[in-house]
Amino acid sequence: MRLTCAFQFLLLTTLATAQVPGRAGEVESVYPDAHTFYLDLHQNPELSSHETQTAAKLAGRLRVLGYAVTENVGQTGVVGMLKNGAGATVMLRTELDALPVEEETGLPYASKKQTKDDSGRDVGVMHACGHDLHMASLFGTAEIMARSKDTWHGTLMLIGQPAEETITGAKRMIEAGLMTRFPKPDVAIALHVGNSLPAGKVGVGPGYRFSNADSLRITIYGKGGHGSQPNSTIDPVVIAARTVVSLQTIVSREVKPGEVAVVTVGYIQAGTKNNIIPDQAELGLTVRSYKPEVRKRVLAAVERITNAEATAGGALHEPRIEHYEATDAVYNDPALAHRLGSVLESSLGKDNVVTEEPGMASEDFSYFTAQGIPSFYFSLGGADPEKYAEAKSTGATLPSNHSPLFAPDVDPALHTGIASEVAVLRDLLNGSVEDLHRSISHTGR
């Protein structure tokens, strides 16, 4: 009996050991295709809302893998569906667009793309936010999932979203019927690469991940005249300067200590010559927050202070305040984040999963989750581990997303991106829909 038990134990151990290289080998088996795709995307970036070739490349690759693909969803959006029996519908999103940034990385595969932006200016184009790595990860993941349908069941929904950088693409896809023409997802997943973590690691966290973002344009109206006779004018530059200073009291004096908000004036534009007082001045603001009630309070304060400073300065007309761009906060369902954090620890190793604090960046993934879809958004380390360690020891900072020098360490990062997405999807695409729903917090924000 002891011999039999020992033999069975040895057999099971041998089988388990034999399975590990096979599972680990999945990523290696798709990596060459994913890496080739990455290089192509990096060298051929396209601006927001102009991702025609990028979308076509992704759609074509997904079709070859057996996905049912629909193109032109919300202009250039791509939807790939792979049904594999009964179960949940899980959405994995990637972005398609690049930025009007001229690349300065010096990489042999650096983008040399030049084009005209929507205003007609000549600009360089670069995947300075890592969307090329996101797309390559999704493609590698799609290939593994299509090859291993015996390891999961349900419906996998892959989204290639345009125009994330202008926070318009997700909204356009929803308006084009994403949630009605296709099965509504039970869960939505996304990741983002950056240099805040070394390649090979991922960052997770419950609750808020990214902030609400509101873009405001304020025009202050004065009365122009000669710079030597300011008494005959109403100087909008002075009113604008006082407004900028007064706006900085909102966070320090009107937001409850411990709550989070940011009010940044990114530009002031006024005048053409040093001795001419202009008729008007323009301010550009970004306002960030997490909680809806804080957002409402801060935006109301911006309007109140702007109008009050104009009145105090004797302006002849009320300022014009344009709220021209906005997106909601990205929020991770707490129970889902806990569950999938454990999944990632099992897949990547506990030391490679870091609990991160929420950030004040923004992104329009929230438009999808605002449809009542629980989400899990996590970070993918992109920094060269040696450069990351050196920067930590010296207090230096590595190039951030949107920098012309931003260049993820592709080999570890792409491997980790694929492995992470596959692990998360397999966990969610097992069991019943009811069990999945029971494991979600369904808490409000």
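When a residue number appears, it is its place in the shown sequence, counting from 1. Just so it is clear, the values below take in all heavy atoms, side chains as well, and ignore hydrogens, waters and symmetry mates.
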Grab the two heavy atoms, one from [X] and one from [Y], that are nearest each other, plus how far apart they are.
X: Gly154; Y: Leu429; result: CA-CD2, 4.2 Å
X: Pro385; Y: Ala199; result: CG-O, 3.9 Å
X: Asp214; Y: Ala326; result: OD1-CB, 3.5 Å

Validation row: [X], [Y] side chains within 4.5 angstrom (heavy atoms):
X: His338; Y: Pro206; answer: no
X: Ile268; Y: Val244; answer: yes
X: Leu414; Y: Ser137; answer: yes

Tell me if a side-chain donor or acceptor on [X] pairs with a main-chain N or O of [Y] at a distance below 3.5 Å.
X: Asn401; Y: Val193; result: yes
X: Tyr290; Y: Ala261; result: no
X: Glu51; Y: Leu96; result: no
X: Ser211; Y: Met360; result: yes
X: Asn195; Y: Leu398; result: no
X: Ser148; Y: Thr151; result: no

Which residue pairs pass the ring-ring contact (aromatic ring centres under 6.0 Å, His included) test when at least one of the two sits in [range], sequence neighbours left out?
range: residues 405-428; value: Tyr31-His415
range: residues 138-158; value: Phe37-Phe139
range: residues 348-372; value: Phe365-Tyr377
range: residues 86-119; value: His42-Tyr109

Between the side chains of [Y] and [X], is the shortest nitrogen-to-carboxylate-oxygen separation below 4.0 Å, so that they form an ion pair?
X: Glu363; Y: Arg93; value: yes
X: Arg339; Y: Asp427; value: yes
X: Lys392; Y: Glu390; value: no
X: Lys113; Y: Glu46; value: no
X: Glu26; Y: Arg426; value: yes
X: Glu293; Y: Arg295; value: no

**Asked** Do the ring centers of Phe210 and Tyr208 come within less than 6.0 Å of each other?
**Response**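 Aromatic pair excluded; centres sit 6.0 Å or further apart.
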For the residue pair [X] and [Y], confirm or rule out a side-chain donor-acceptor distance under 3.5 Å.
X: Arg147; Y: Ser29; value: yes
X: His35; Y: Asp411; value: no
X: Thr327; Y: Ser362; value: no
X: Gln161; Y: Asp364; value: yes
X: Thr36; Y: Asp33; value: no
X: Arg288; Y: Thr286; value: yes
X: Ser48; Y: Asp97; value: yes
X: Ser246; Y: Glu309; value: yes

**Request:** Not counting sequence neighbours, list each pair that qualifies as a side chain to side chain donor-acceptor pair (under 3.5 Å) and has a residue in residues 251-260.
**Result:**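 Of all non-adjacent pairs touching residues 251-260, those that pass side chain to side chain donor-acceptor pair (under 3.5 Å) are Glu254-Arg304, Glu259-Lys291.
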**Message:** Are there over 12 heavy-atom neighbours, none belonging to Gln114, within less than 6.0 Å of that residue's CD?
**Reply:**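 More than 12 within 6.0 Å, yes.
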**Request:** Assess whether atom CD of Glu175 is packed by more than 12 heavy atoms of other residues, nucleotides or ligands within 6.0 Å.
**Result:**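 Yes, enclosed.
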**Request:** For Arg172, enumerate each residue passing the salt bridge (Lys or Arg N to Asp or Glu O under 4.0 Å) test, keeping only those at least two apart in sequence or located in another chain.
**Result:**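 Residues passing salt bridge (Lys or Arg N to Asp or Glu O under 4.0 Å) with Arg172: none at all.
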**Item:** Test applied, side chain to side chain donor-acceptor pair (under 3.5 Å); reference residue, Ser379; option that passes from Arg209, Glu356, His192, Lys201
**Value:**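 The single option meeting the side chain to side chain donor-acceptor pair (under 3.5 Å) with Ser379 is Glu356.
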